[in-house]
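Just follow the structure's listing: the first ligand is 1, and inside any ligand the first atom is 1.
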Amino acid sequence: MSSLSVNHLLGIKSLTKEDIELIFKTADNFKDILNRPIKKVPSLRDITIANIFFENSTRTRISFELAEKRLSADTVNFSASGSSVKKGETLVDTVKNILAMKVDMVVMRHSSPGACMFLSKNIDAQIINAGDGTHEHPTQALLDAYSIREKLGKESFKGTKVAIIGDITHSRVALSNIFCLKKLGAEVMVAGPPTLIPKYQESLGVKVSYHVQEALEWCDVANVLRIQLERQDIKYFPSLREYSRFFGINKQKLDTLKKKIVVMHPGPINRGVELSSDAADSDQSIILQQVENGVAIRMAVLYLLADKSKVL
Ligand code: CP
């Protein structure tokens with residue numbers, strides 16, 4: 001297989017296992033290039049990509065921009081603050097105006113679940129979802145799974161146990177990771193306080209635990225998620241101190257385990273809340289490898305989707 005089954009990357013849900021494996025294989029090639037003294041290839045020369053961010057971002061935004069530059073694409077960056085969105089312009093009008101300036105692909109982060117899907121039905125360009133509210137964050141899940149594959153050194157995810165720990169309810173990373181890891185054949189558990197785990201999670205084919213120690217003892221890899229206070233309009237737990245004590249991951253909890261598990265976090269970390277510094281900075285952590293792999297994964301996604309674009 002040399003082509004994706006989709007025209008846009010809206011979520012992991014719409015990808016096949018073969019799509020994910022093709023993205024990984026393509027990312028392997030780009031990772032080799034990124035480790036050379038000259039990191040740039042001409043693959044997307046003459047393609048123009050708009051990075052449209054309606055929500056804050058550090059990693060995803062810089063990672064996409066670097067991926068585009070490494071592929072020799074032209075890029076424009078848009079953030080809602082300081083734009084005509086503040087004057088009442090609609091999402092479709094904003095993006096149609098940007099596309100009128102001969103833009104070929106759109107990378108978008110938006111606070112509304114489904115915003116990228118909506119856009120894909122209303123404009124004529126390839127759309128990549130860089131996170132839509134509490135729905136999906138597909139490139140994060142791809143780089144997470146790619147980093148697990150790299151760290152464990154095996155192609156197959158069969159028998160690999162991944163625990164996703166923390167604020168599952170408000171996390172787009174959790175849903176995309178569940179779809180991605182299940183498609184690849186991994187076993188997945190979600191763990192955290194009952195108030196932060198949606199009902200019927202088992203219907204996604206995952207195990208559920210309300211005890212972090214149980215999840216840590218079960219898993220090979222713990223992907224620790226941020227407490228998303230900005231999305232919480234009610235109190236889901238009494239205090240951050242209590243959350244940290246009962247659900248936070250620290251080196252002491254890791255050291256009680258009989259095996260050395262891999263620790264991940266998509267960032268940004270609330271240090272001392274869901275993850276302590278001694279765990280985040282330990283030799284079990286692959287957090288910065290995740291960030292590094294994000295560029296190769298996003299190069300792969302851009303390259304494979306540009307192939308679907310009418311301009312190439
Ligand atoms: N992981 C992630 O999406 O980080 P940013 O919000 O900084 O892009």
Side-chain angles (χ1 to χ4, degrees), residues 9-13 23 27 49-70 75 77-81 106-116 127-148 150-151 162-181 190 192 196 221-232 249 262-271 273-275 279-281 285-302:
L9 180 59
L10 304 177
I12 300 289
K13 192 175 183 184
I23 293 168
I49 303 172
N51 301 310
I52 302 181
F53 279 68
F54 290 90
E55 261 193 359
N56 296 341
S57 170
T58 299
R59 277 145 292 270
T60 312
R61 187 179 184 139
I62 293 176
S63 182
F64 266 113
E65 199 177 336
L66 267 178
E68 291 152 7
K69 286 181 163 44
R70 304 290 193 223
T75 64
N77 293 315
F78 167 96
S79 40
S81 58
V106 172
V107 174
M108 186 170 83
R109 170 169 287 191
H110 201 281
S111 55
S112 297
C116 293
I127 312 289
I128 299 173
N129 181 1
D132 59 336
T134 54
H135 179 221
E136 280 224 44
H137 191 350
T139 54
Q140 181 68 46
L142 289 166
L143 74 88
D144 287 347
Y146 185 82
S147 302
I148 294 172
E150 182 181 69
K151 179 68 183 175
V162 182
I164 304 172
I165 300 173
D167 182 356
I168 310 297
T169 297
H170 301 98
S171 174
R172 52 194 173 211
V173 175
L175 189 59
S176 286
N177 260 269
I178 291 169
F179 287 142
C180 191
L181 292 165
V190 296
L196 288 176
V221 178
N223 196 352
V224 186
L225 302 183
R226 184 170 66 87
I227 291 295
Q228 307 220 359
L229 291 172
E230 76 277 18
R231 296 191 205 281
Q232 298 179 9
I249 308 300
V262 178
V263 175
M264 304 174 70
H265 193 300
I269 304 170
N270 285 317
R271 280 182 183 258
V273 179
E274 71 269 0
L275 191 61
D281 303 331
S285 162
I286 59 164
I287 293 170
L288 291 179
Q289 285 94 313
Q290 291 172 257
V291 178
E292 180 184 339
N293 286 333
V295 179
I297 283 288
R298 291 178 173 118
M299 285 173 80
V301 167
L302 290 161

Item to check | Option among Arg298, Lys151, Glu150 that satisfies the side chain to side chain donor-acceptor pair (under 3.5 Å) test with Asn293 | outcome: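 Going through the options one by one, the only one that passes is Glu150.
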Item to check | Options His265, His137, Arg109, ranked by nearest heavy atom to atom 6 (O) of ligand 1, top entry | outcome: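 Heavy atom nearest to atom 6 (O) of ligand 1 belongs to Arg109.
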Give the residue and atom name of whichever protein heavy atom lies nearest to [atom], and the separation in Å to one decimal.
atom: atom 1 (N) of ligand 1; answer: Pro266 O, 2.9 Å
atom: atom 4 (O) of ligand 1; answer: Arg59 NE, 3.1 Å
atom: atom 2 (C) of ligand 1; answer: Thr60 OG1, 3.5 Å

Checklist entry - Do Leu302 and Phe64 come close enough that some side-chain heavy atom pair is under 4.5 Å? => result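 Yes, side chains in contact.
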Checklist entry - Side chains of His265 and Gln290: donor-acceptor distance under 3.5 Å anywhere? => result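 Distance-only check fails for His265 and Gln290.
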Item to check | Pair Glu68-Asn51, side-chain donor/acceptor within less than 3.5 Å | outcome: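 There is such a pair between these side chains.
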Checklist entry - Distance-only, no hydrogens or angles: does the Asp132 side chain make a donor-acceptor pair with backbone N or O of Glu136 under 3.5 Å? => result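 Pair found, side chain donor or acceptor close to backbone of Glu136.
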Next on the checklist: Measuring from atom CG of Leu196 to atom NE2 of His170, what distance do you get when rounded to the nearest 0.5 angstrom?
Outcome noted: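 Atom-to-atom, Leu196:CG and His170:NE2 are 7.0 Å apart.
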Checklist entry - For ligand 1, which atoms have a heavy atom of Thr58 less than 4.0 angstrom away? => result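 The atoms of ligand 1 under 4.0 Å from a heavy atom of Thr58 are 5 (P), 7 (O), 8 (O).
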Checklist entry - Considering only heavy atoms of Gln140, which atoms of ligand 1 have at least one such atom less than 4.0 Å away? => result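 It comes down to these atoms of ligand 1: 1 (N), 2 (C).
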Checklist entry - Is the closest heavy-atom distance from Gly267 to ligand 1 below 4.0 Å? => result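 Right, Gly267 reaches ligand 1.
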